[in-house]
Amino acid sequence: MSEEIKNNDNESNTPGNFIKEIIDEHNKTGRFNKEVHTRFPPEPNGYLHIGHAKSICLNFGIAKDYNGVTNLRFDDTNPAKEDIEYVNSIQEDIKWLGFDWEDRLFYASDYYDKFYEFAVELVKKGKAYVDSSSADEMRKMRGTPTEPGTESPYRNRSVEENLDLLERMKAGEFEDGAHILRAKINMSSPNMNMRDPAIYRIRKVDHHRTGDKWCIYPMYDFAHGLSDSLEGITHSICTLEFENHRPLYDWFLDELDVPHHPQQIEFARLNLSYTIMSKRKLLKLVEDKYVDGWDDPRMPTISGLRRRGYTPASLRNFAEEVGVAKRDGVIDVARLEFAVRNDLNATANRVMAVLDPVKLVITNYPDDQIEEMDAVNNPEDPEAGKRKLPFSKELYIERNDFMEDPPRKFFRLAPGREVRLRYAYIIKCEDVVKDPETGEVTEIHCTYDPETKSGSPNAGRKVKGTIHWVSAKHAFNAEVRLYDRLFEVSDPSGDKEKEFTDFINPESLKVLDNCKLEPGLSNAEVGDNFQFERLGYFCVDSKYSEKGKPVFNRTVTLRDTWAKIAKSGK
RNA sequence: UGUCCCGUGGUGUAAUUGGCAACACGUCUGACUCUGGAUCAGAAGAGUUCAGGUUCGAGCCCUGACGGGACAACCA
């Protein structure tokens, strides 16, 4: 009996954060007499990344917490940078993440007519003017953060003249940059954003939605708050760098005759160690071919993470775990890796895969005998059932599961030692065959103990190690791609002397083309996730796989305490 | 030399709105184990940037310092 938790209907019941405090306060005072309404407002100028995922989870999550709704709105006010390709990929990524904007898909460009009317209203109120200074002149007149700006010589044009000029700007009479519409606020404001910011600029380019209808386009600061207002957004959540823009956001809504004034709230964007998030830099990685496109499995893009094998749930849980605050910080990628492991551990079927094979011969096993061994698909999930694994005299095992001269704490195979072959027998290493030239081990000869078959009554004998294997004659040969962190330093942008590309991890991708997998894996399909026992989680690559010939990507390794011991040298 | 924001274990978030700091990741033990995975049990680790003040009592309020960040696109 624990029904003591009291809950206001309009109060959240998930862990607190500063945004919820603000919303709770609004609900208490009745600032908005409507449900919580948020929006996710990407500019369609690139692919979404894990940082956007945080924002998506936040916006949709907060709304859901309060029984509200969320819009998807493309902030498409700069046609020069935007493209339909991005509006499509963005929608795909949000859906894949598991969020639904239902019928609330909007574009800032839907409001271009209204924006123009608002601009006219501003001009008529004497709150905006057309400036004919060049961009360069304007920059000089803007001053610096510590010095006030100076007023433009065009600042006091009459309303009539401004109206006329604005109309002719719209009509296409002027070239790009000839004139610009500015808000008339305060050139000596300590907040640079208030020094007569631009509202409309001339851009004679086609827009991916409105075509050539417009040649003047609104600026973000003008368009964003108005879009929010028109859509009835209550809480407009954005990142910290817009903090100084809030007075301007509010100014437009105060000056203009709008029915509704949303609250802008800023939070700290996601920073991940060993990861780059800047769109410009991600673009460089793609353009200069450091990676294999926006969806390269090493990219922090949602499409990259998807191809890497990350699940939507793992990303959502990650976003939930890292929380939200105003303090800027860096999240360790290890947490993202934890999130996938955690999800995949519960859901991914286990399979046997030998990535770096060396042949193992069981000398006392009958030449042509084949046994079917029972293997559990997922010990975490009884529903997942069992499967049969063919076992025979010649097997492949992982090269690094054998050492001729093992260090302390090495529990695996070595001359004279016993290990268990998972789901099969205990074997003992009797001999090693080497290439006379290179000295490389080419075959390991073992004997098996027939009494120790997995599942049999006498199987109980304990040995120190268990290793995985694949029957040589049944093995499915496949390509496996081992991905690791793209950068070898925690903060690739932290060194002023060097380019971030100087820190690319040369081992971030290893392609292995002679991997021996259990036969059933030949049927694996895109979207399947597996745990290769003792190695890590792998998925079927969506780009290089062919029917019947899947290529596998390593999503993340298993936690590996042996690697840690080996590395520490003890 | 301006304005705004931020400052809690290694990292990230909490702290019933003023009642002697909790959770997660990471780290380290140990148990268990046919995955050196998972699981289980436990440990170490902050007295909340600093200094004053208000208060019976401050991480929460006030003042000042210090530290970090944002702002000078006709980008978003």
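Just so it is clear: chains get the letters A, B, ... in the order the sequence lines come, proteins before strands, and each one is counted from 1.
- When the C1' atom is used for both B/rC56 and B/rA51, the distance is 23 Å, rounded to whole Å.
- Contact annotation for A/Phe242: base contact, defined as any heavy-atom pair under 4.0 Å involving a base atom.
- On the C1' atoms, B/rG30 is 33 Å away from B/rC20, given to the nearest whole Å.
- Each of A/Glu21 and A/Ala135 was matched to the nucleotide of RNA chain B holding its nearest heavy atom; the match closer to the 5' end belongs to A/Glu21.
- Looking at residues two or more places apart in sequence or on another chain, you find a side chain to side chain contact (heavy atoms under 4.5 Å, CB included) between A/Met141 and A/Ser133, A/Glu137, A/Thr150, A/Ser152, A/Pro153.
- Base orientation of B/rA73: syn (glycosidic angle within 90° of 0).
- Using a 4.0 Å heavy-atom distance criterion, A/Gly329 is classed as a sugar-phosphate-only contact.
- Between B/rG18 and B/rC60, the distance separating the two C1' atoms is 7 Å to the nearest Å.
- Checking A/Glu383, A/Gln531, A/Arg350 one by one against A/Asn378, the side chain to side chain donor-acceptor pair (under 3.5 Å) holds for a single residue, A/Arg350.
- Taking the P atom of each, B/rG12 and B/rG19 are spaced 25 Å apart, rounded to whole Å.
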Pairing annotation in dot-bracket form, given for RNA chain B with Watson-Crick or G-U pairs under 3.5 Å and | for cross-strand partners: .((((((..((((.....[..)))).(((((.......))))).....(((((..]....))))))))))).....

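- Using a 90° window around 0 for the glycosidic torsion, B/rG47 falls inside it and is classed as syn.
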Letter per nucleotide, 5' to 3', of nucleotides 22-36 of chain B [B base touched, S only sugar-phosphate touched, - untouched; heavy atoms, 4.0 Å]: --BS-SS-----BBB

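- For A/Arg139, no side-chain nitrogen or oxygen approaches OP1 or OP2 of B/rC74 to under 4.0 Å.
- Here B/rC5 presents its C1' atom at 13 Å from CD1 of A/Ile22, a figure rounded to the nearest Å.
- To the nearest whole angstrom, the two C1' atoms, one in B/rA43 and one in B/rC62, are 40 Å apart.
- At whole-Å resolution of the value, CG in A/Asp332 and P in B/rG12 are 10 Å apart.
- Comparing the P positions of B/rC5 and B/rA46 gives a spacing of 32 Å, expressed to the nearest Å.
- Using modelled atom types and a 3.5 Å distance limit, the side chains of A/Arg39 and A/Ser227 yield no donor-acceptor pair.
- A straight line from CD1 of A/Ile19 to P of B/rU13 spans 12 Å, rounded to a whole angstrom.
- Of the side-chain N and O atoms in A/Thr144, none sit less than 4.0 angstrom from OP1 or OP2 of B/rG2.
- Side-chain atoms of A/Tyr47 and A/Asp93 include no donor-acceptor pair closer than 3.5 Å.
- Protein atom CG of A/Leu283 is 18 Å distant from nucleotide atom P of B/rC75, rounded to whole Å.
- Rounding to whole angstrom units, CG of residue A/Asp221 and C1' of B/rC71 are separated by 12 Å.
- Across all strands, A/Ser133 comes closer than 4.0 Å to base atoms (heavy-atom distances).
- In this structure, CG of A/Asn191 is placed 12 Å from P of B/rC71, rounded to the nearest angstrom.
- Classification of B/rU16 as anti follows from a glycosidic angle more than 90° from 0.
- Within the 6.0 Å centre-distance limit, the rings of A/Tyr220 and A/His224 are counted as a close aromatic pair.
- In this structure, A/His224 atom NE2 and B/rC75 atom P are separated by 17 Å, rounded to whole Å.
- Here the CG atom belonging to A/Asn59 is positioned 9.5 Å from the SG atom belonging to A/Cys238, to the nearest 0.5 angstrom.
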Trace of the salt bridge (charged side-chain N to carboxylate O under 4.0 Å, His left out) decision for A/Glu451 with A/Arg461: CA-CA 9 Å; A/Glu451 299 296 300; A/Arg461 188 149 68 86; over 6 Å; no

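- Listed nucleotides: B/rC75, B/rA72, B/rU3. Nearest to the side chain of A/Lys81: B/rC75.
- Across B/rG7 and B/rC61, the matching P atoms stand 10 Å from one another, rounded to whole Å.
- For NZ of A/Lys386, the number of neighbouring non-hydrogen atoms (other residues, nucleotides, ligands) closer than 6.0 Å is 12 at most.
- The gap from the P atom of B/rU33 to that of B/rU49 amounts to 46 Å, rounded to the nearest Å.
- Comparing A/Gly323 and A/Met138 by the nucleotide of RNA chain B whose heavy atom lies nearest to each, the residue mapping closer to the 5' end is A/Gly323.
- For A/Phe242 and A/Tyr249, the gap between ring centers reaches or exceeds 6.0 Å.
- Between the C1' atom of B/rA72 and the CG atom of A/Asn186 lies a distance of 15 Å, rounded to the nearest Å.
- Cation-pi contact between A/Arg203 and A/Tyr217: absent, since separation from the ring centre below 6.0 Å together with deviation from the ring axis within 45° is not met.
- Here the straight-line distance linking atom OG1 of A/Thr301 with atom NZ of A/Lys279 works out to 12.0 Å at 0.5 Å rounding.
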